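Below is one structure, written out as structure tokens; the observations come after it.
None of these values were measured; they are calculated from a predicted model. Chain letters run A, B, ... following the sequence lines, proteins first and then strands; every chain starts at 1.
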2 protein chains.
Amino acid sequence: MSKSSLSLTPVETVACCSPLSREPLSRSDAERIAPLLKALADPVRLRLMSLIASHQGGEACVCDLNEAFDLSQPTISHHLKVLHEVGLIDREKRGVWVYYRARSEALAGLAALVGTAA
Amino acid sequence: MSKSSLSLTPVETVACCSPLSREPLSRSDAERIAPLLKALADPVRLRLMSLIASHQGGEACVCDLNEAFDLSQPTISHHLKVLHEVGLIDREKRGVWVYYRARSEALAGLAALVGTAA
DNA sequence: AGAACATATCGATAAGCGTCGATGTCTTGA
DNA sequence: TCAAGACATCGACGCTTATCGATATGTTCT
């Protein structure tokens, strides 16, 4: 080390690294948030979410949703399940029909998190 | 039609459907936004994005990023490419090193869009 | 020119995901 | 009790994706 200290190259003085100005997202936080984004990251589910939230009262019947897409009924059912499982929509059965309701706090929280990184 | 009008069932009067209170996301808009969300919808890319934005000046060298993960260098390079291709980060080569810069307007716009649906 | 280093690209593999038709479950009205 | 309708679940198919090791590209120092 005493020998090589004579040949200190500029590479070590002009380090490529810059310091952090704030704390980045932790690994556990990232693994908690990513599934929410993944649930939204599909054109059909994005439209489903918007369609539900755009209905009066923030809720919509599955029959309404099925008609809005050129997709089979099982496919829509699958997408609704994905959104429900991550907590973006609530599910309520009323008689023969099933209503899905947008959880606006969840969406707002997610939007705030994404915006924070910017 | 004149005949069946006599047997109007309650089903048609008690419709399951509720009207829209605003215009939902269009198909083309959904297909434009979904790829952005898909790029973010991965724990590693989410942390990469946050890590870059958290560095001083909003930019970070790849060497910094590689060290922050227990993943191979090609894998990190792949994730950076995905974020770059959808326009969430900019790429600039300076000498031997490559710097990625967060495009905060893109992130802010995405956050606003997600929040609008809520 | 050649060595060392930083980063990107390639090819392969395994896992995940969107979609469908067929079928099951539950509710309502006859 | 039975038939019809609304929605969910299942199993299968093809496509996408996350990851890696090996290798290519480009830059700087000797």
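- One atom, NZ of A:K93, and another, P of C:dC26, lie 8 Å apart when rounded to the nearest Å.
- For the contact set between residues 66-78 of chain A and DNA chain D, defined by any heavy atom under 4.0 Å, the members are A:Q73, A:P74, A:S77.
- Looking at A:L46, A:L48, A:L51 one by one, the single match for side chain to side chain contact (heavy atoms under 4.5 Å, CB included) with B:L25 turns out to be A:L46.
- In this structure, B:L80 places its CG atom 16 Å from C1' of D:dT17, rounding to the nearest Å.
- Relative to the side chain of B:V96, the nucleotides C:dT7, D:dT9, D:dT27 differ in distance, and D:dT27 lies closest.
- Atoms CD1 and CG, on A:I89 and A:L83 in that order, are 4.5 Å from each other to the nearest 0.5 Å.
- Judged by distance alone, with hydrogens and angles left aside, the side-chain atoms of B:S54 form a donor-acceptor pair with the main-chain N or O of B:S50 at under 3.5 Å.
- A donor-acceptor pair is defined here as one N or O able to donate and one able to accept, closer than 3.5 Å; such a pair exists between the side chain of B:H55 and the backbone of A:S18.
- At least one donor-acceptor pair under 3.5 Å links the side chain of B:R101 to the backbone N or O of B:G57.
- Contact annotation for B:Y99: no contact, since no heavy-atom pair falls under 4.0 Å across all strands.
- Rounded to a whole Å, the CD atom of B:E85 is 14 Å from the C1' atom of D:dT16.
- The side chain of B:R91 lies closest to C:dA8 when the candidates are D:dA6, C:dA8, D:dA8.
- Picking from C:dA6, C:dA8, D:dC7 the nucleotide with the shortest atom distance to the side chain of B:W97 gives C:dA6.
- When each of A:G95 and B:C63 is assigned the nucleotide of DNA chain C bearing its nearest heavy atom, the one mapping closer to the 5' terminus is B:C63.
- Rounded to whole angstrom, the span from the NE2 atom of B:H84 across to the P atom of C:dT7 amounts to 15 Å.
- With salt bridges taken as basic N to acidic carboxylate O contacts below 4.0 Å, one links A:R94 and A:E59.
- Within residues 32-50 of chain A, no residue has a heavy atom under 4.0 Å from DNA chain D.
- Counting to the nearest Å, the P atom of C:dA6 and the CG atom of B:D64 are 12 Å from each other.
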Taking it one step at a time, do B:H84 and B:R91 satisfy side-chain hydrogen bond (donor to acceptor under 3.5 Å, both in side chains)?
CA-CA 7 Å; B:H84 177 60; B:R91 182 183 185 277; 5.9 Å; no

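- In this structure, B:Q73 CD and B:C63 SG are separated by 11.5 Å, a value rounded to the nearest 0.5 Å.
- Of all the heavy atoms in A:L88 and A:A39, the pair that sits closest is CD1-CB, 4.4 Å.
- Regarding A:K81, its NZ atom lies at a distance of 17 Å from the P atom of C:dC20, rounded to whole Å.
- As a whole-Å value, the separation of B:L65 CG from C:dA6 P is 14 Å.
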